[in-house]
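What follows is one structure encoded as structure tokens, with my remarks underneath.
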Amino acid sequence: MQPKANIVDLPVYQPGKPIEEVKKELGLAEVIKLASNENPFGFSEQAKVALLADLGNLSLYPDGASVDLSAVLAEKLDVNSDQLIFGAGSDEVILMIARAFLRPGDETVMASHTFPQYKHNAQVEGATCIEVPLRDGTHDLPAMLTSVNERTRIVWICNPNNPTGTMVTHSDVQSFLDQVPASVMVVLDEAYVEYIDHPEFPNSLELLKQYPNLVILRTFSKIYGLAALRIGYGIGRAATIRSINQVREPFNTGRLAQAAAKAALLDDAFISFCREQNRKGIDYMCSEFEALGLDYFPAFGNFVMVDVKRPAEPVFDGLLRRGIIVRGGHKLDFPTHIRVTVGSQQQNEAFIQALREVLAQ
Ligand SMILES: *Cc1c(COP(=O)(O)O)cnc(C)c1O
């Protein structure tokens, strides 16, 4: 048997190391994972109540069209239900967009480096990825624009960018959308949008009213703290969402995921709390990095990419031995950086203490 030629060399996704594995390997009692941008404060109590209430229904298929969840989210975002599509994480929405819109030989434009799933799914479809280098860790939208040609079908903009944490502004994106041909889909991945209170961050829902080729991606995995349940969504014009829906598997999101997501949307207090704690955590970490003489990219999500000014792998290993899991830049093509998720204040302090020890060696 031969797999499709275009997938033969595809890498298998390497997640952050799981806590249990590190505990066992290194004989540690306590391990703090700041590697996958998970919410250190867990998830909404109201989501828990909704989950428990639905546990008796596991023998029933979920509502394939997520009607109840769509209604709540549509009202919250002030869009119509037919402008929403749900996936098993926004990862699956990326997959569905690629499946519905990319043909072999099509071109798709993305930053280098950015969230790996755009490239991965484009390659599965046999499309050609045009990767445009970041400038100072930020999407270079003018350069991305010049990479668009008549073969381009989709441009991916990750905002804030993972792994660097940088953002492009409303006017940057608006000017890009003004110039890109309307036949090119522009996907704005806003996995961390709820963390942001910056006045220049794009109001993407307003942009969607002006630009029919825009698709916005969001998720319940990050600030909502429901990563285990696998649920995220896309927002677009009804016609675009309909096309994506045509390639969706019938029951792609689970009952429990839908129930928890719906309840989580109504708990604004939990989201505000997490946003505030995250802001304090970023300020704390960045001032500590400055005290250590380290540079970092401006951080707009719930993670910071810091230049440790020496090879990342030994720093990653040193932190691991002290029970702290981060993302090593050596795996992300940033040989002297590490990416660290903002944790609780206690976790952040433990990380900084460990980093001080490792850098002092
Ligand atoms: C985490 C993340 C996602 C996907 O998360 P899901 O768990 O699949 O919803 C998508 N884009 C970016 C940039 C992310 O960081």
Side-chain angles (χ1 to χ4, degrees), residues 13-16 18 33-40 42-43 47 66 69 73 84-99 108 110-122 124 131 134 137-139 154-168 173 186-196 201-202 204 215-236 244 248-249 252-254 256-258 260-261 264-265 274 278 297 299-305 326-327 329 331-332 334 339-342:
Y13 182 75
Q14 297 216 346
K33 184 178 173 206
L34 300 174
S36 301
N37 303 342
E38 292 149 332
N39 188 337
F43 56 96
S66 307
L69 173 58
L73 183 58
L84 298 172
I85 179 138
F86 292 88
S90 46
D91 279 352
E92 197 201 9
V93 185
I94 296 169
L95 177 150
M96 291 188 285
I97 291 171
R99 193 166 184 186
T108 181
M110 64 201 69
S112 175
H113 297 281
T114 188
F115 192 60
Q117 294 312 302
Y118 318 138
K119 182 174 177 177
H120 175 85
N121 285 292
V124 172
E131 297 181 80
L134 296 171
T138 309
H139 278 69
I154 304 178
V155 179
W156 307 86
I157 302 173
C158 185
N159 199 36
N161 188 43
N162 186 358
T164 52
T166 56
M167 75 159 194
V168 286
V173 175
V186 176
V187 177
L188 202 51
D189 184 346
E190 299 187 326
Y192 303 93
V193 64
E194 301 87 359
Y195 278 111
I196 293 158
F201 190 78
S204 53
V215 175
I216 302 159
L217 302 182
R218 296 183 179 176
T219 180
F220 289 95
S221 298
K222 302 291 161 55
I223 207 169
Y224 287 99
L226 297 173
L229 291 176
R230 310 305 304 129
I231 185 156
Y233 59 98
I235 318 163
I244 303 171
R248 186 177 60 75
E249 298 298 319
N252 63 323
T253 61
L256 296 181
Q258 291 176 21
L265 281 175
C274 295
N278 183 66
F297 290 116
F300 294 94
N302 67 340
F303 57 95
V304 188
M305 185 86 150
V326 298
R327 265 308 170 99
K331 295 263 181 82
L332 303 169
F334 284 84
R339 192 195 71 187
V340 58
T341 303
V342 179

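We count ligands from 1, going down the list as the structure has it; atoms in each ligand are counted the same way. Numbers here are sequence positions counted from 1.
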Looking only at heavy atoms of N37, does any of them come nearer than 4.0 Å to an atom of ligand 1? no
Looking only at non-hydrogen atoms, which of Y192, F115, Y118 approaches atom 15 (O) of ligand 1 most closely? Y192
Report yes or no: do T114 and N161 form a side-chain donor-acceptor pair below 3.5 Å? yes
For the atom pair CG (L332) and CE (M305), what is the distance rounded to the nearest 0.5 Å? 5.5 Å
Check the angle between the aromatic planes of F86 and Y233 and answer parallel, tilted or perpendicular using the 30° and 60° thresholds. tilted
Which protein non-hydrogen atom lies closest to atom 14 (C) of ligand 1, naming both residue and atom, and how far is it? K222 NZ, 3.0 Å
Chi angles and distances behind the side chain to side chain contact (heavy atoms under 4.5 Å, CB included) call for I97, W156: CA-CA 11 Å; I97 291 171; W156 307 86; 4.0 Å; yes
Using a strict 4.0 Å cut-off to heavy atoms of A191, name the atoms of ligand 1 that fall inside it. 2 (C), 11 (N), 12 (C), 14 (C)
Mind checking whether S221 contacts ligand 1 via backbone (N, CA, C, O), side chain (CB onward), both or neither, at a 4.0 Å heavy-atom cut-off? side chain
Approximate separation, where rounding is to 0.5 Å, of T341 OG1 and N37 CG: 4.0 Å
Given S221 and E38, is the side chain to side chain contact (heavy atoms under 4.5 Å, CB included) satisfied, shown in steps? CA-CA 7 Å; S221 298; E38 292 149 332; over 6 Å; no
Quick one: nearest non-hydrogen protein atom to atom 4 (C) of ligand 1, plus distance? S90 OG, 3.2 Å
Could you name the option among D91, N159, T219 that has the heavy atom nearest to atom 9 (O) of ligand 1? T219
Atom 13 (C) of ligand 1: the protein heavy-atom neighbour that sits closest, reported with distance to 0.1 Å: C158 SG, 3.3 Å
Between N159 and F201, is any pair of side-chain heavy atoms under 4.5 Å apart? yes
Heavy atoms only, cut-off 4.0 Å: how does R230 contact ligand 1, side chain, backbone, both, or neither? side chain
Considering heavy atoms of the protein only, find what lies nearest to atom 11 (N) of ligand 1 and give residue, atom and distance to 0.1 Å. D189 OD2, 2.6 Å
